[in-house]
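Below is one structure, written out as structure tokens; the observations come after it.
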Amino acid sequence: MTQKNIWYEGIAFPFVGFNPELMRKAYEEFVVNEEDVLTVTFPKSGTNWLIEILCLIRSKGDATQIQSVPIWVRSPWVETVSGYEDLKTMESPRLISTHLPIHIFPKSIHTTKAKVIYLMRNPRDVLVSGYYFWNYVKFVENTKSLQEYFELFLDGNVVFGSWFDHVHGWLSLRDQKNFLLLSYEELKQDTRSTIEKICHFLGEKLEPEEINLVLKNSSFQAMKENKMSNYSLLSEVDLIHEGHGSFMRKGISGDWKNHFTVTQAEKFDKVFKEKMADLPQELFPW
Ligand code: PPS
């Protein structure tokens, strides 16, 4: 029998590594410290790219840590069983990652001055990336076709829920000083300037040659070759369908154009307009 996704607060989660009771406990009890830096994304928005950049900013471009410690240990996911455990004993200043919608993220977020970086990506590319990734791994219910996944995505019935709700929820913090909004598209188009923007937000001063190293060591190719960042370690615990894809898939903007039919593109535009009409459209640079 195929395993079913876990459901918590009306939202689907992978059936490996997640526990609704623990997420509830984290919501009530987990304390976000002022020194913490949070990477917040809807899945497949470039989370791991940003985490790699943050680690490298801290090490001033030195790749020793990113090549020896798995990325999920460097910046644990508060919603996973292992991440929550790791965070309990992790020394400050911590990097923390999450895909949780804000309303189920630990409630201490509303009283902290911790720095929050919200990374957004064109949801059409998020959809395509997610379709491939969730069928590549063995811990999420598979979907039979892109069309099936397309409908589930628009209805918010994919893991971690609705992209539209996720963005609405987290962007409610966008006027706070401790909140930085970034897009995958700007990171892709002008990586250096975006890294400088992140440094400025974090109050980190890097020399130009240190920024060069951050750029080099967080490039798509470098991450693809780094087994601490490319999720190939999941094969050791039999969690991926070998030969059926890769975490570091294409790393480009606009791949949706190679996948959507005209009908799907029109439907997506319509839903996007309806659901996002209340937000300033200049927030969405794609
Ligand atoms: S996850 O599983 O939700 O944490 O995935 P996430 O890290 O958010 O997103 C994975 C996509 O990001 C792309 N990626 C990169 N693009 C450009 N440069 C770098 N360095 C990079 N690292 C990861 C990755 O290829 C996934 O996108 P797709 O479109 O599937 O290629």
Side-chain angles (χ1 to χ4, degrees), residues 37-57 71 75 95-102 105 115-133 153-154 156 158 160-202 204 211 214-215 218-220 223 229 247-260 265 268-269 271-286:
V37 175
L38 268 68
T39 294
V40 184
T41 59
F42 190 83
K44 313 320 291 180
S45 302
T47 328
N48 289 273
W49 188 11
L50 177 58
I51 298 170
E52 201 83 325
I53 289 170
L54 294 176
C55 293
L56 286 163
I57 289 175
I71 194 158
S75 180
L95 292 178
I96 302 176
S97 308
T98 191
H99 289 320
L100 288 176
I102 194 166
F105 186 85
K115 294 201 163 68
V116 178
I117 307 182
Y118 190 72
L119 177 65
M120 242 183 344
R121 186 182 190 185
N122 186 334
R124 299 162 185 84
D125 285 333
V126 167
L127 189 160
V128 169
S129 180
Y131 169 66
Y132 284 105
F133 184 67
F153 187 94
L154 288 187
V158 293
F160 295 93
S162 157
W163 179 91
F164 306 96
D165 293 350
H166 201 279
V167 170
H168 270 105
W170 282 100
L171 288 198
S172 67
L173 302 185
R174 72 186 185 279
D175 292 331
Q176 290 186 193
K177 268 205 331 258
N178 62 334
F179 186 87
L180 177 66
L181 175 62
L182 294 178
S183 70
Y184 180 94
E185 289 71 23
E186 68 175 317
L187 195 51
K188 188 78 200 163
Q189 201 179 349
D190 193 346
T191 315
R192 173 176 282 273
S193 301
T194 312
I195 291 174
E196 285 167 353
K197 198 195 237 186
I198 298 169
C199 288
H200 180 74
F201 175 69
L202 298 177
E204 299 272 3
I211 302 262
V214 176
L215 271 166
S218 65
S219 70
F220 184 80
M223 285 184 67
S229 309
F247 174 76
M248 301 294 297
R249 194 182 60 92
K250 282 196 182 172
I252 59 168
S253 298
D255 194 33
W256 66 272
K257 293 178 193 152
N258 302 318
H259 288 81
F260 282 18
F268 200 103
D269 284 353
V271 174
F272 187 93
K273 274 203 192 93
E274 279 165 16
K275 293 198 191 258
M276 306 310 277
D278 57 325
L279 287 170
Q281 295 305 295
E282 54 273 20
L283 291 174
F284 310 121
W286 42 81

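Only heavy atoms go into these numbers, but all of them, side chains included; no hydrogens, no water, no symmetry mates. On a predicted model such as this, the values are computed, not experimentally measured, just so you know. We number each residue from 1, following the sequence as shown.
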Item checked: Distance flag, aromatic centroids of Phe272 and Phe284, threshold under 6.0 Å -> yes
Next item on the list: Measure the NZ-CG distance between Lys115 and Leu180 for me, rounded to the nearest 0.5 Å.
Entry: 10.5 Å
Check: For the residue pair Met223 and Asn48, what are the closest heavy atoms and their distance?
Finding: CE-O, 3.5 Å
Notebook entry, point to check: Closest approach of Ile117 and Phe201, non-hydrogen atoms and distance?
Noted result: CG1-CE2, 3.8 Å
Check: For the rings on Tyr132 and His259, is their centre-to-centre separation under 6.0 Å?
Finding: yes
Next item on the list: Kindly indicate, with the supporting measurements, whether the criterion side-chain contact (heavy atoms from CB on, under 4.5 Å) is fulfilled by Leu154 and Trp163.
Entry: CA-CA 8 Å; Leu154 288 187; Trp163 179 91; over 6 Å; no
Checklist line | Note, Leu95 side chain near Leu38 side chain (heavy atom, < 4.5 Å) | finding: no
Note to self: Once salt bridge (Lys or Arg N to Asp or Glu O under 4.0 Å) is applied, do any residues pair with Glu204, and if so which ones, sequence neighbours excluded?
What the structure shows: none
Next item on the list: Evaluate the criterion side-chain contact (heavy atoms from CB on, under 4.5 Å) for residue pair Phe268 and Phe153; output intermediate values, then yes/no.
Entry: CA-CA 10 Å; Phe268 200 103; Phe153 187 94; 4.1 Å; yes
Check: Does a side-chain heavy-atom distance below 4.5 Å link Tyr184 with Lys44?
Finding: no
Item checked: Pairs touching residues 175-186 that satisfy salt bridge (charged side-chain N to carboxylate O under 4.0 Å, His left out), sequence neighbours left out -> Glu186-Lys197
Notebook entry, point to check: Quick one: does Thr41's side chain have a donor or acceptor within less than 3.5 Å of a partner on Pro43's backbone?
Noted result: no
Margin query: Donor-acceptor pair, distance only, cut-off 3.5 Å: does the side chain of Ser172 make one with the backbone of Gly169?
Written below: yes
Margin query: Just verifying a value: how many Å separate Ser219 OG and Glu52 CD, rounded to the nearest 0.5 Å?
Written below: 9.5 Å
Next item on the list: Please identify each residue that fulfils salt bridge (Lys or Arg N to Asp or Glu O under 4.0 Å) with Arg174, with sequence neighbours left out.
Entry: none
Next item on the list: Flag yes if more than 12 heavy atoms outside Lys250 fall under 6.0 Å of its NZ atom; otherwise flag no.
Entry: yes
Checklist line | Residue pair Phe260 / Leu127, side-chain heavy-atom distance below 4.5 Å | finding: yes
Check: If we ignore angles and hydrogens, is there a donor and acceptor under 3.5 Å between the side chains of Asn122 and Asp125?
Finding: no
Check: Quick one: do the Ser97 and Thr39 side chains pair a donor with an acceptor below 3.5 Å?
Finding: no
Checklist line | By ring pair (Phe, Tyr, Trp, His ring centres under 6.0 Å) - contacts of His200 (at least two apart) | finding: none
Margin query: Measuring only between side-chain heavy atoms, which start at C-beta, is Val37 closer than 4.5 Å to Val116?
Written below: no
Note to self: Nearest 0.5 angstrom please: Ile53 CD1 to Cys199 SG, how far?
What the structure shows: 9.5 Å
Item checked: Pairs where residues 273-286 contributes a residue and the test salt bridge (charged side-chain N to carboxylate O under 4.0 Å, His left out) is met, not counting sequence neighbours -> Lys270-Glu274
Margin query: Return the CG to CD1 distance between Leu54 and Ile71, rounded to the nearest 0.5 Å.
Written below: 9.5 Å
Check: What residues, two or more places apart in sequence or in another chain, satisfy salt bridge (Lys or Arg N to Asp or Glu O under 4.0 Å) together with Asp165?
Finding: none
Note to self: Could you walk me through whether Thr194 and Gln189 satisfy the side-chain contact (heavy atoms from CB on, under 4.5 Å) test, starting with their C-alpha distance in whole Å, then the side-chain angles of each, then the deciding distance to 0.1 Å, before giving a yes or no?
What the structure shows: CA-CA 9 Å; Thr194 312; Gln189 201 179 349; over 6 Å; no
Checklist line | Ser45 side, atom OG; Tyr118 side, atom OH - distance, nearest 0.5 Å | finding: 6.5 Å
Check: Can we call the ring centroids of Trp170 and Phe179 under 6.0 Å apart?
Finding: no
Margin query: Can you tell me how far apart CE (Met120) and CG (Leu182) are? Round to the nearest 0.5 Å.
Written below: 9.0 Å
Next item on the list: List the atom of Phe42, the atom of Val126, and the distance in Å for their closest heavy-atom pair.
Entry: CD2-CG1, 3.7 Å
Margin query: Looking at every heavy atom in both Lys188 and Ile252, which two are closest together, and how far apart are they?
Written below: CE-CA, 4.2 Å
Check: Do Ile51 and Cys55 come within less than 4.5 Å of each other through their side chains, counting heavy atoms only?
Finding: yes
Checklist line | Side chain to side chain, Leu119 and Trp49, heavy atoms closer than 4.5 Å | finding: no
Notebook entry, point to check: Does some side-chain heavy atom of Val40 sit less than 4.5 Å from a side-chain heavy atom of Phe105?
Noted result: no
Margin query: Using every non-hydrogen atom in the two residues, find where His166 and Leu100 come nearest and quote the distance to one decimal.
Written below: NE2-O, 3.4 Å
Notebook entry, point to check: For the residue pair Leu187 and Thr191, what are the closest heavy atoms and their distance?
Noted result: O-OG1, 2.7 Å
Item checked: Centroid separation Phe133 to Phe247 less than 6.0 Å -> yes
Next item on the list: For the residue pair Ser229 and Met248, establish whether any side-chain heavy-atom pair is separated by less than 4.5 Å.
Entry: no
